[in-house]
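One structure is given below, encoded as structure tokens.
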Amino acid sequence: MKSPSDQPAPQISVIVPAYGVARWLGAALDSLIAQDFADWEAIVIDDGAPDDVAGAVRPYLSDPRIHFLATANHGVSAARNRAIAASRAPLIALLDGDDLFRPSYLGSMVAAMNDDSLAVIAACNARVFGAVAKEELVIGDDQNRGATASLADVLDRRFMIYIGATFRRAAFDRVGGFDTLMTNSEDFDLWVRLLMDGGHVRYVDSALADYRVRPRSASVSLLRNIRGNVRVYDKVIAAMPGSHEATVAAAVRAADLDRLEVEEALAAVIAGDVRPGLARLRAGRQYLNNPLWSFAFALWNVFPWLAPPMLAWRQRRHQGSSRRRPVRGTAQGQVQRV
């Protein structure tokens, strides 16, 4: 990595993990170079990728703002921690190596953080593209899109934080960085721990980035993410016993466990374990309580062999959807699905 120690620290450091994304890395770096805001540095980190990340980044190293690290593979959390440790700015932005920032991203995020001393995170909207049935925005109209959000808002999913967010380096250091034991939902875990440390999220209501969905096993990814979310809620409950936030975390955790049971049953049916999987689905009917699912269950009672292809089609149809199922707080401090 080139040493920038003799140069003034930039206002914001962009962290670019690049495992298995060499083919798209140039586009990500082009989106940085095209920023309206110029006072940045980028740390690209190859944590033992199977493809030629070094070759992909080499043409960009003539820009003194772009630096490159290569390490053994220890996972994305460790890679981000290593890159942030090598950065110099008081603000940190995350850009995965297959995603894009729009030209106004850095300027908007820096302004949002500079204008709000209580903001520990700045978040924005983003377009989802790639291996999706249709392009959409990460933040839908069903989300609370107020200017700021609290820890409770994030826990009960009134407010979703897109992975391409910006946060304060000092707060990141205080909470110990990304938890390297989290193999999924590591970003959600970081946002929650940053907010537990104090402050709020500042939301910029504009699509300032583009999130690429690559082909993968949608069911496996979803199951892992739900399990990761449950671990985050467990941390909050343990760290803040008796608090409103712990009550919210416990309620949403219970809803996620219900959802996990349903998603595991769906995966079992698709994999060919039809009758046991359908029995598990029927037990979770409260989660699938609408006329379309009622019709499907009636059909599968007669023709169970139709269930795997129909559910596989549903999975493909929803692949790449970035939105969590919204949950809303009730007056009693519980949560309900909407």
Nearest heavy-atom pair of Tyr162 and Cys124: which atoms, and what distance?
CB-O, 3.7 Å
Compute the ring centroids of Phe37 and Phe101, then answer whether they are less than 6.0 Å apart.
no
Would Asp47 and Arg80 count as a salt bridge (charged side-chain N to carboxylate O under 4.0 Å, His left out) if you check the C-alpha gap in whole Å, the side-chain angles of each, and the deciding distance to 0.1 Å?
CA-CA 9 Å; Asp47 65 324; Arg80 288 184 177 131; over 6 Å; no
Is Asp156 reaching over with its side chain to a backbone N or O of Val248, donor-acceptor style, under 3.5 angstrom?
no
Tell me the closest heavy-atom pair linking Ala246 and Gly242, and the distance in Å.
CB-N, 4.4 Å
Atom OH in Tyr233, atom CD in Glu245: separation rounded to 0.5 Å?
13.0 Å
Nearest heavy-atom contact between Ile43 and Ala86 is CD1-O, 4.4 Å
Would you say the side-chain atoms of Tyr203 pair up with the backbone N or O of Ile161, donor to acceptor, closer than 3.5 Å?
no
Nearest 0.5 angstrom please: Gln11 CD to Leu91 CG, how far?
7.5 Å
Transitively linked via ILVMFWY side-chain contacts under 4.5 Å: Val175 with Ile237?
no
In terms of heavy-atom contacts, Pro103 and Ala34 come closest through CB-O, 3.7 Å
What do the steps show when you test Asp153 against His200 for side-chain hydrogen bond (donor to acceptor under 3.5 Å, both in side chains), and what is the final call?
CA-CA 10 Å; Asp153 292 329; His200 57 234; over 6 Å; no
If you measure only the distance, is there a donor-acceptor pair under 3.5 Å linking the side chains of Ser185 and Arg231?
no
Joint hydrophobic cluster, Trp40 plus Leu61, side-chain heavy atoms closer than 4.5 Å
yes
Non-hydrogen atoms of His67 and Pro64 that approach each other most closely
CE1-O, 3.1 Å
Can you see which heavy atom on Pro304 is nearest to which on Pro308, and at what distance?
O-CD, 3.6 Å
Can you find a heavy atom in the side chain of Leu106 that is under 4.5 Å from one in the side chain of Met109?
no
Taking Asn125 for its side chain and Ile139 for its backbone only, find out whether a donor-acceptor pair lies under 3.5 Å.
yes
Is there a path of hydrophobic side-chain contacts, each under 4.5 Å between heavy atoms of I, L, V, M, F, W or Y residues, that connects Ile84 with Tyr19?
no
Minimum side-chain heavy-atom gap Asp210-Asp99 below 4.5 Å
no
Counting C-beta onward and ignoring hydrogens, is there a side-chain heavy-atom pair between Trp191 and Ile163 closer than 4.5 Å?
yes
Just how far is it from atom CZ of Arg280 to atom CD of Glu261, taken to the nearest 0.5 Å?
4.5 Å
Path from Val14 to Leu100 over hydrophobic side-chain contacts below 4.5 Å:
no
Spacing of CG belonging to Leu151 relative to CG belonging to Leu155, to within rounding of 0.5 Å:
4.0 Å
If you define the side chain from C-beta out and look only at heavy atoms, does anything of Leu281 sit under 4.5 Å from Phe297?
yes
When you measure from the side chain of Asp116 to the backbone of Leu118, do you find a donor-acceptor pair of N or O atoms at a distance under 3.5 Å?
yes
Does the ring center of Tyr211 lie less than 6.0 Å from the ring center of Phe129?
no
So, does Thr148 use its side chain to make a donor-acceptor pair with the main chain of Val201 at under 3.5 Å?
no
Quiz question: by atom type and distance under 3.5 Å, do the side chains of Asn229 and Arg224 form a donor-acceptor pair?
no
Any heavy-atom pair between the side chains of Ser104 and Leu208 that's under 4.5 Å?
yes
Rounded at 0.5 Å granularity, tell me how far CD1 in Ile121 sits from CD1 in Ile92.
13.0 Å
Has Asp51 got a side-chain atom pairing as donor or acceptor with Val21's backbone, closer than 3.5 angstrom?
yes
Without swapping roles, check the side chain of Gln35 against the backbone of Ser31 for a donor-acceptor pair under 3.5 Å.
yes
pair Phe167-Val120: side-chain heavy atoms closer than 4.5 Å:
no
Does the side chain to side chain contact (heavy atoms under 4.5 Å, CB included) test come out yes or no for Asp179 and Lys235, once each step is laid out?
CA-CA 12 Å; Asp179 183 346; Lys235 288 185 180 185; 2.6 Å; yes
Test Val213 against Val128 for side chain to side chain contact (heavy atoms under 4.5 Å, CB included), laying out the working first.
CA-CA 7 Å; Val213 173; Val128 182; 3.6 Å; yes
Among Asp46, Ile45, Leu25, Val53, which residue meets the side-chain contact (heavy atoms from CB on, under 4.5 Å) test with Val16?
Leu25
I want to check something: taking the side chain as every heavy atom from C-beta on, are Pro90 and Arg168 in contact at a cut-off of under 4.5 Å?
no
Does Arg65 reach the side chain of Pro10, with side-chain heavy atoms less than 4.5 Å apart?
no
Pairing donors with acceptors under 3.5 angstrom, does anything connect the side chains of Ser77 and Glu186?
no
Do the side chains of Phe68 and Tyr60 join up, straight or via other hydrophobic residues, at under 4.5 Å, putting them in one cluster?
yes
Using only atom types and a distance under 3.5 Å, with no angle test, would you say the side chain of Arg202 pairs donor to acceptor with the backbone of Ala112?
no
Backbone N or O of Gly55 within a donor-acceptor pair of the Asp52 side chain at under 3.5 Å?
yes
For Glu264 and Leu223, run side chain to side chain contact (heavy atoms under 4.5 Å, CB included): C-alpha distance rounded to whole Å, both residues' side-chain angles, the deciding distance at 0.1 Å, then the answer.
CA-CA 7 Å; Glu264 287 176 341; Leu223 291 172; 3.7 Å; yes
Where do Tyr105 and Thr166 land on the side-chain hydrogen bond (donor to acceptor under 3.5 Å, both in side chains) test, with the steps shown first?
CA-CA 10 Å; Tyr105 175 90; Thr166 293; 3.0 Å; yes
Residues passing the side chain to side chain donor-acceptor pair (under 3.5 Å) test with Asp197, sequence neighbours excluded, are Arg174
Stepwise, does the side chain to side chain contact (heavy atoms under 4.5 Å, CB included) test hold for Arg253 with Asp234?
CA-CA 8 Å; Arg253 179 186 185 277; Asp234 285 340; 2.5 Å; yes
Just by distance, do the side chain of Asn81 and the backbone of Phe178 share a donor-acceptor pair under 3.5 Å?
yes
With side-chain hydrogen bond (donor to acceptor under 3.5 Å, both in side chains) as the test, would you mind laying out the steps for Arg169 and Ser87 before giving the verdict?
CA-CA 9 Å; Arg169 168 68 181 275; Ser87 69; 3.1 Å; yes
What distance do Arg227 atom CZ and Asp256 atom CG have between them, rounded to the nearest 0.5 Å?
12.0 Å
